[in-house]
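What you see is a predicted model, and the numbers here were worked out from it, not measured in a lab. First listed ligand is number 1; within each ligand, the first listed atom is number 1.
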Amino acid sequence: MTIRNSVEGPGEGTQYMEISLEINGTTRRLDVEPGVTLLDALRERLDITGPKKGCDRGQCGACTVHVDGRPVLSCLTLAAAVRRPVTTVEGLSTEDELHPVQQAFVEQDALQCGFCTAGQVMSAVAAVRQDVEDVREFMSGNLCRCSAYPNIVAAVEQVKKADATV
Ligand code: FES
Ligand code: FES
């Protein structure tokens, strides 16, 4: 990791760190200020806009991504502290096929405006992988202003029942 100061312009004197992130299977290098969150690095520096900025303080779950396969709130995670592979909703599907959890969300009509959906899907994938009993409790950190909760839970239960590999 390299740290350097900007030499001219409005941000003169600001410290930047060169970091490397593995995102959806691709290594990306970028310069960030030490306090930049993973969410801002993804959305504003790398144009990966699946994770959404809802509250920006850990209260809505819209920014959920996986780090090393575990769901994390990217608005509360410093980009420079991430050392393990990151997966966003963009990394779940292939060009031709939705991920089974995404497909179940479509089939169960588990979204309305869609703002929360990327975060919901990332938590749902973790719920299926961990075979959690209480889906509602596991996903209680993912808020949905449209109250699509029953359909979201139904989507997760559908994938669990299908015993699909996710
Ligand atoms: S934007 Fe991260 S929890 Fe709301
Ligand atoms: S579908 Fe609108 S916020 Fe969840």
- Item | Metal check, atom 4 (Fe) of ligand 2 vs Cys144 N/O/S, cut-off below 2.8 Å | yes

- Message: Between Cys113 and atom 4 (Fe) of ligand 2, is there a contact where an N/O/S atom of the residue lies under 2.8 Å from the metal?
- Response: no

- Evaluate the side-chain proximity of Val159 to Val166: yes if any heavy-atom separation is below 4.5 Å, no if none is. yes

- Message: Suppose we measure from atom 1 (S) of ligand 2 to each protein heavy atom; which comes out shortest, and what is that distance?
- Response: Gln112 N, 3.2 Å

- With a 4.5 Å heavy-atom cut-off, do Leu38 and Leu78 have their side chains touching? no

- Path from Ile48 to Val65 over hydrophobic side-chain contacts below 4.5 Å: yes

- Asp68 and Arg83 ion-paired at < 4.0 Å: no

- If we only count heavy atoms from C-beta on, is the Glu18 to Leu30 side-chain gap below 4.5 Å? no

- Message: Tell me whether Glu90 is salt-bridged to Arg43, with the criterion being a basic N under 4.0 Å from an acidic carboxylate O.
- Response: no

- Item | Protein contact to atom 3 (S) of ligand 2 [nearest heavy atom, distance to 0.1 Å] | Arg145 N, 3.2 Å

- Item | Any donor-acceptor N or O pair under 3.5 Å, side chains Gln158, Gln108 | yes

- Query: Within 45° of the ring axis of Tyr149 and under 6.0 Å from its six-membered ring centre, is that where the NZ or CZ of Arg136 lies?
  - Reply: no

- Please list, in chain and residue-number order, the protein N/O/S atoms closer than 2.8 Å to atom 4 (Fe) of ligand 1. Cys55 SG, Cys60 SG

- Message: I'd like to check which ligand 2 atoms, numbered from 1 as shown, lie under 4.0 Å from a non-hydrogen atom of Gly114.
- Response: 1 (S), 2 (Fe)

